[in-house]
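What follows is a single structure, written as structure tokens, with notes after it.
Computation of the quantities below employed the complete heavy-atom set of this structure, encompassing side-chain atoms and omitting hydrogens, waters and symmetry-equivalent molecules. Each chain gets a letter, A, B and so on, in the order the sequences are listed, and its residues count up from 1.
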There are 2 protein chains.
Amino acid sequence: MGESRHGPRERMVFSAAQLIRRDGVAATGMREVAAHAGAPRGSLQHYFPGGKEQLVNEAVGWAGRYAGKRIARFLAGLEEPTPSGLFAAMVAQWTDEYTARGFAAGCPVAAATVDCASADGSTREAVAAAFTTWRAPLAEALTGMGVPAARAESLATLMISTLEGAILMSRAEQDAQPLTTAARELGPLLDAAVTPAG
Amino acid sequence: MGESRHGPRERMVFSAAQLIRRDGVAATGMREVAAHAGAPRGSLQHYFPGGKEQLVNEAVGWAGRYAGKRIARFLAGLEEPTPSGLFAAMVAQWTDEYTARGFAAGCPVAAATVDCASADGSTREAVAAAFTTWRAPLAEALTGMGVPAARAESLATLMISTLEGAILMSRAEQDAQPLTTAARELGPLLDAAVTPAG
DNA sequence: CGGCTACTATGACCGTGGTCATAATCGGCT
DNA sequence: AGCCGATTATGACCACGGTCATAGTAGCCG
């Protein structure tokens with residue numbers, strides 16, 4: 001959607017993220033990325049002289065920024081902002097995709113973590129940074145809802161952990177139930193953390 | 001530890017699980033598994049005529065049974081069994097490993113899910129089965145503590161989801177905090193589900 | 001001893017894929 | 001037109017790895 005509006009470089013990063021979250025890092029080929037992006041193969045070494053590692057890192061970074069920006073958009077979509085509502089929206093993004101397009105893909109950051117966390121390249125720092133750029137706006141959103149700052153950090157971490165794990169389990173079982181269960185069970189806990197109601 | 005007491009076949013399955021949870025499925029080679037297990041290369045096609053797919057599936061199955069059996073052992077290790085105590089023990093297994101041996105490895109079932117969930121081989125069914133053999137005894141343990149059966153299923157799913165996600169995040173950030181946060185934040189929610197206190 | 005089964009040994013094949021080298025094109029600018 | 005940087009094109013190289021083929025060895029049983 002709207003791929004032609006972006007340059008070929010950005011399209012390749014986007015395609016890399018798509019393929020990585022579906023097949024994993026190791027199983028995603030450079031030629032495959034170029035083909036998926038409709039970009040010429042020769043552009044790979046031109047835009048990514050750092051090779052596959054650079055491309056993967058940028059894909060992970062893109063995913064992290066995307067997730068971070070989504071927080072604000074989810075927040076804007078809630079008529080009455082509550083932690084449980086925000087978490088439900090985060091979960092719904094995945095249940096919607098899974099019911100509409102199947103359980104083909106997971107989170108690209110998770111895939112890169114699994115495939116590259118032990119190989120101490122720059123990719124491990126990239127995934128750490130991605131989680132940070134995801135968690136920071138989430139914690140900020142929680143504080144904006146009345147959650148104490150210290151607690152907000154913990155709950156933001158918990159929300160991302162649970163979401164990532166639920167994505168994983170739902171994909172494995174090809175059933176969105178782990179995702180819906182996470183939203184349902186965690187919601188009250190999150191709402192109970194707002195100060196005026198505590 | 002005690003590898004020589006098991007046959008070469010079981011050692012290879014065990015080694016496969018070890019390597020998969022560290023490097024991922026695609027990055028783990030058959031020759032590498034044999035070498036890690038101290039087993040002859042020729043035994044691979046003898047014991048695993050189904051090739052890599054069979055070996056990976058058995059490694060995933062082994063991991064699932066291992067996790068399931070751990071539940072009973074954790075339960076036995078608690079002087080006063082509570083859901084939060086059980087979850088804390090599950091988390092502690094990972095924090096102990098990470099503080100003692102570093103953040104090199106994650107969960108093999110998660111790795112197999114990320115790498116093989118879209119390629120619709122038998123591995124996807126293997127990971128689904130692994131999660132089931134993990135969740136069933138966990139849910140049973142919860143009911144034994146006084147959690148209503150319907151709720152126990154949900155909480156077991158939530159516990160595994162959160163644990164898997166926290167493992168992922170901890171590994172990415174090379175910091176056990178997501179794990180400890182998960183145990184701390186989720187504990188009260190779990191204990192509140194026991195009926196006499198509900 | 002002969003033979004049979006279980007296991008091990010080893011080399012080769014072949015596809016895949018990341019990377020490099022080299023050249024061609026293209027677009028603007030003077 | 002002519003130059004130059006940015007981009008694209010294409011083929012080759014090389015390592016890795018899963019798999020197959022073909023033996024060789026070991027141990028037990030009749």
Side-chain angles (χ1 to χ4, degrees), chain A residues 3-60 111-112 114-116 118-123 126, chain B residues 3-60 111-112 114-116 118-123 126:
Chain A
E3 293 182 2
S4 50
R5 300 179 66 177
H6 303 325
R9 204 195 121 98
E10 190 167 356
R11 288 209 314 273
M12 281 190 280
V13 173
F14 179 79
S15 288
Q18 295 276 110
L19 295 173
I20 285 170
R21 89 195 190 95
R22 188 173 51 129
D23 302 320
V25 171
T28 297
M30 300 283 278
R31 293 166 171 86
E32 191 186 0
V33 171
H36 183 273
R41 211 189 88 196
S43 299
L44 280 172
Q45 65 180 297
H46 183 256
Y47 288 116
F48 308 97
K52 187 177 187 176
E53 187 170 348
Q54 181 186 358
L55 178 57
V56 170
N57 292 356
E58 297 206 22
V60 168
V114 163
D115 280 358
C116 308
S118 81
D120 53 355
S122 55
T123 304
Chain B
E3 293 182 1
S4 49
R5 298 179 66 178
H6 303 326
R9 204 197 121 99
E10 190 167 356
R11 288 209 314 271
M12 281 192 279
V13 172
F14 180 79
S15 288
Q18 295 276 110
L19 294 173
I20 285 170
R21 85 194 192 98
R22 188 172 52 129
D23 302 320
V25 172
T28 297
M30 300 282 278
R31 293 166 171 86
E32 191 186 1
V33 170
H36 184 274
R41 212 189 90 197
S43 299
L44 280 171
Q45 64 180 298
H46 183 257
Y47 288 117
F48 307 97
K52 187 176 187 177
E53 187 171 348
Q54 181 187 357
L55 178 58
V56 171
N57 292 357
E58 296 205 21
V60 168
V114 163
D115 280 358
C116 308
S118 82
D120 53 354
S122 56
T123 304

Nearest whole Å is fine: how far is D:dG18 C1' from B:E32 CD? 14 Å
Hey, what do you get for CG (A:L19) to CE (A:M30), rounding to the nearest 0.5 Å? 12.0 Å
Nearest-angstrom distance from the residue atom CE of B:M30 to C1' of D:dC20: 12 Å
Check the distance between D:dG18's P and B:I20's CD1 and give it to me in whole angstrom. 11 Å
Rounded to the nearest Å, what distance is computed from the CG atom of residue A:L19 to the P atom of nucleotide C:dG18? 11 Å
In terms of side-chain heavy atoms, does A:S118 have a donor or acceptor partner in B:D23 at a distance below 3.5 Å? yes
Nearest-Å distance for atom pair NE2/P, residues A:H46 and D:dA9: 13 Å
Inter-residue atom distance A:E10.CD - A:E58.CD, 0.5 Å rounding: 10.0 Å
If you restrict it to nitrogen or oxygen atoms, what contacts under 3.5 Å exist between nucleotides 9-14 of chain C and the protein, and what is each distance?
from	atom 1	to	atom 2	distance (Å)
C:dG11	N7	B:R41	NH2	3.4
C:dG11	O6	B:R41	NH2	2.3
C:dA12	N6	B:R31	NH2	3.3

Atom CD of B:E53 to atom P of D:dG18: distance rounded to whole Å? 13 Å
In whole angstroms, the gap separating P of C:dT19 from CD of A:Q54 amounts to 10 Å
Kindly indicate whether the side chain of A:R9, heavy atoms from C-beta on, has any atom under 4.5 Å from the side chain of A:F48. yes
Which heavy atom of A:T123 sits nearest a heavy atom of A:E53, and at what distance? OG1-CG, 3.8 Å
Looking at B:M12, B:R31, B:R11, B:Q18, which hits side-chain contact (heavy atoms from CB on, under 4.5 Å) with B:H36? B:Q18
Can you check the B:L55 CG to D:dT19 C1' distance for me, whole Å? 14 Å
